[in-house]
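The structure appears below as structure tokens.
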Number of protein chains: 2
Amino acid sequence: MKKEETDVCKNNVIGDIRINELRKNLPEDELLFDIAEFFKIFGDSTRIKIINALFCENELCVCDLSVIIGISQSAVSHQLRILRQSKLVKYRKEGKTVFYSLDDEHIKQIYNLAKEHITEEK
Amino acid sequence: MKKEETDVCKNNVIGDIRINELRKNLPEDELLFDIAEFFKIFGDSTRIKIINALFCENELCVCDLSVIIGISQSAVSHQLRILRQSKLVKYRKEGKTVFYSLDDEHIKQIYNLAKEHITEEK
DNA sequence: ATTATATATGAATATATGTTCATATATAAC
DNA sequence: GTTATATATGAACATATATTCATATATAAT
């Protein structure tokens with residue numbers, strides 16, 4: 001019994017040596033966690049609608065955003081906060097109004113790849 | 001009062017005409033929903049670990065996968081089902097053993113873009 | 001100052017999602 | 001056939017997440 005706690009089944013097709021190699025060379029959990037968290041941001045209809053709208057108009061105030069995507073001001077604000085915290089959007093204030101816009105080069109690429117993927121699939 | 005139900009606030013910075021233009025030209029909700037669903041698949045640590053492991057080894061059985069990423073066989077199986085249903089992985093059976101591998105060209109690109117994004121950010 | 005407007009946010013609620021546990025199924029070994 | 005193994009899956013549970021509602025805050029208009 002040398003395989004200890006890593007032993008879930010007796011199959012171990014690729015062999016202990018390769019298994020341990022893989023286990024060691026995997027990116028640290030933290031990186032993988034961060035990647036998952038990043039994708040999670042995109043994994044919500046409301047946020048995707050916001051992102052999409054900001055692609056089209058470049059800059060929008062909360063109110064107009066809310067009307068355009070048809071979601072309550074409160075819900076939009078809540079989601080904008082998440083997008084802000086992830087640094088995916090930036091904002092500027094002008095009087096009472098707050099204008100939001102996209103704040104990341106990668107977003108467009110990633111978003112478009114996904115869109116392509118979905119569209120091709122059909 | 002012509003702005004009717006689309007009227008959430010009086011701000012309407014970009015104007016009704018442009019608002020309605022945007023509302024009409026937005027991709028249908030369904031497409032945006034599908035895109036969000038697609039990202040949702042990547043938005044989980046366990047699934048990202050699976051995807052990452054399959055990048056490294058190309059093909060892995062459930063058991064070895066489970067050992068490599070350090071997550072129970074049951075949880076891995078459940079997540080593999082989700083990945084299967086989204087057609088992100090394919091599998092082949094060999095006796096008792098089931099081998100999984102990635103089944104999509106786009107995944108690598110999207111995954112790598114996200115990884116880049118996260119790494120650059122630091 | 002008072003009132004109206006745009007946005008943000010806390011709390012409550014509802015819903016979705018992931019894990020575990022127990023167990024089913026399928027195949028292999030004996 | 002019986003037993004062991006690899007995988008899949010349903011149910012229960014725990015946790016996370018999004019929305020709504022009420023309200024706070026900040027600015028503008030009167």
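Chain letters run A, B, ... following the sequence lines, proteins first, then strands; residues in each count from 1.
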Has A:Q79 got a side-chain N or O lying under 4.0 Å from the OP1 or OP2 atom of D:dT19?
-> yes
For B:R84 and D:dT9, is the shortest distance between a side-chain N/O and OP1 or OP2 below 4.0 Å?
->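 Indeed, a polar side-chain atom of B:R84 lies that close.
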NA contact type, A:Y100, heavy-atom cut-off 4.0 Å: base, sugar-phosphate, or nothing?
->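 If one applies the 4.0 Å heavy-atom cut-off, A:Y100 turns out to touch the sugar-phosphate alone, with no base involved.
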Select base, sugar-phosphate, or nothing to describe what B:L65 touches, counting heavy atoms under 4.0 Å on all strands.
->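 Answer is nothing: B:L65 stays at 4.0 Å or more from every strand.
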Output side-chain donor-acceptor pairs under 3.5 Å for residues 76-84 of chain A, partner residues at least two apart or in another chain, one line each.
unit_1, atom_1, unit_2, atom_2, d
A:S77, OG, A:Q73, NE2, 3.2
A:Q79, OE1, A:R47, NH1, 2.6
A:R84, NH1, A:Y100, OH, 2.9

Result block: side-chain N/O donor-acceptor pairs under 3.5 angstrom for residues 108-116 of chain A, not counting sequence neighbours:
unit_1, atom_1, unit_2, atom_2, d
A:Y111, OH, A:N52, OD1, 2.8
A:N112, ND2, A:K108, O, 3.3

Between [X] and [Y], is there a shared hydrophobic cluster once you connect ILVMFWY residues whose side-chain heavy atoms come closer than 4.5 Å?
X      : Y     : answer
A:L102 : A:I48 : yes
A:I68  : A:Y91 : yes
B:L54  : A:L31 : yes

The side chain to side chain contact (heavy atoms under 4.5 Å, CB included) partners of A:K90 (sequence neighbours excluded) come to A:S101, A:D103
A:D29: partners by salt bridge (Lys or Arg N to Asp or Glu O under 4.0 Å), with sequence neighbours left out |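 Once residues adjacent in sequence are excluded, the partners of A:D29 under the salt bridge (Lys or Arg N to Asp or Glu O under 4.0 Å) criterion are B:K49.
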Only one of B:V98, B:I50, B:L65 forms a side chain to side chain contact (heavy atoms under 4.5 Å, CB included) with B:L60, so which one is it?
-> B:L65
Contacts of B:F42 that satisfy ring-ring contact (aromatic ring centres under 6.0 Å, His included) - sequence neighbours left out = A:F39, B:F38
Of the residues in residues 45-54 of chain B, which ones touch DNA chain C at a heavy-atom distance under 4.0 Å?
->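 Those residues whose heavy atoms fall under 4.0 Å from DNA chain C, taken from residues 45-54 of chain B in numerical order, are B:T46, B:R47.
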Could you check how far [atom1] of [X] sits from [atom2] of [N], rounded to whole Å?
X     : N      : atom1 : atom2 : value
A:L80 : C:dA8  : CG    : C1'   : 10 Å
A:R81 : C:dA11 : CZ    : C1'   : 13 Å
B:I82 : D:dT9  : CD1   : P     : 12 Å

If the sugar-phosphate is the primed atoms plus P, OP1 and OP2 and the base is the rest, what is the B/S/- string for nucleotides 20-30 of chain C, using protein heavy atoms under 4.0 Å?
-> BBB---SBS--
Polar atom pairs (N or O), protein with nucleotides 12-16 of chain C, under 3.5 Å:
none

Contact summary for A:A36 and B:S45, nearest pair of heavy atoms =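 Smallest heavy-atom distance, with atoms named: CB-N, 3.6 Å.
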Residue pairs fulfilling ring-ring contact (aromatic ring centres under 6.0 Å, His included) with at least one residue in residues 56-76 of chain A, sequence neighbours excluded = none
Under the 3.5 angstrom rule, does the side chain of B:S66 hit a backbone N or O of B:I71 as a donor-acceptor pair?
->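 Looks like yes, one N/O pair under 3.5 Å.
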Can you give the dot-bracket line for DNA chain D, using ( ) for pairs inside the strand, [ ] for pairs that cross earlier ones, | for pairs with another strand and . for unpaired bases, where Watson-Crick and G-U count if both distances are under 3.5 Å?
-> ||||||||||||||||||||||||||||||
Report the residues that fulfil side-chain hydrogen bond (donor to acceptor under 3.5 Å, both in side chains) with B:Q85, sequence neighbours left out, ordered by chain and then residue number.
->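 Here no residue qualifies.
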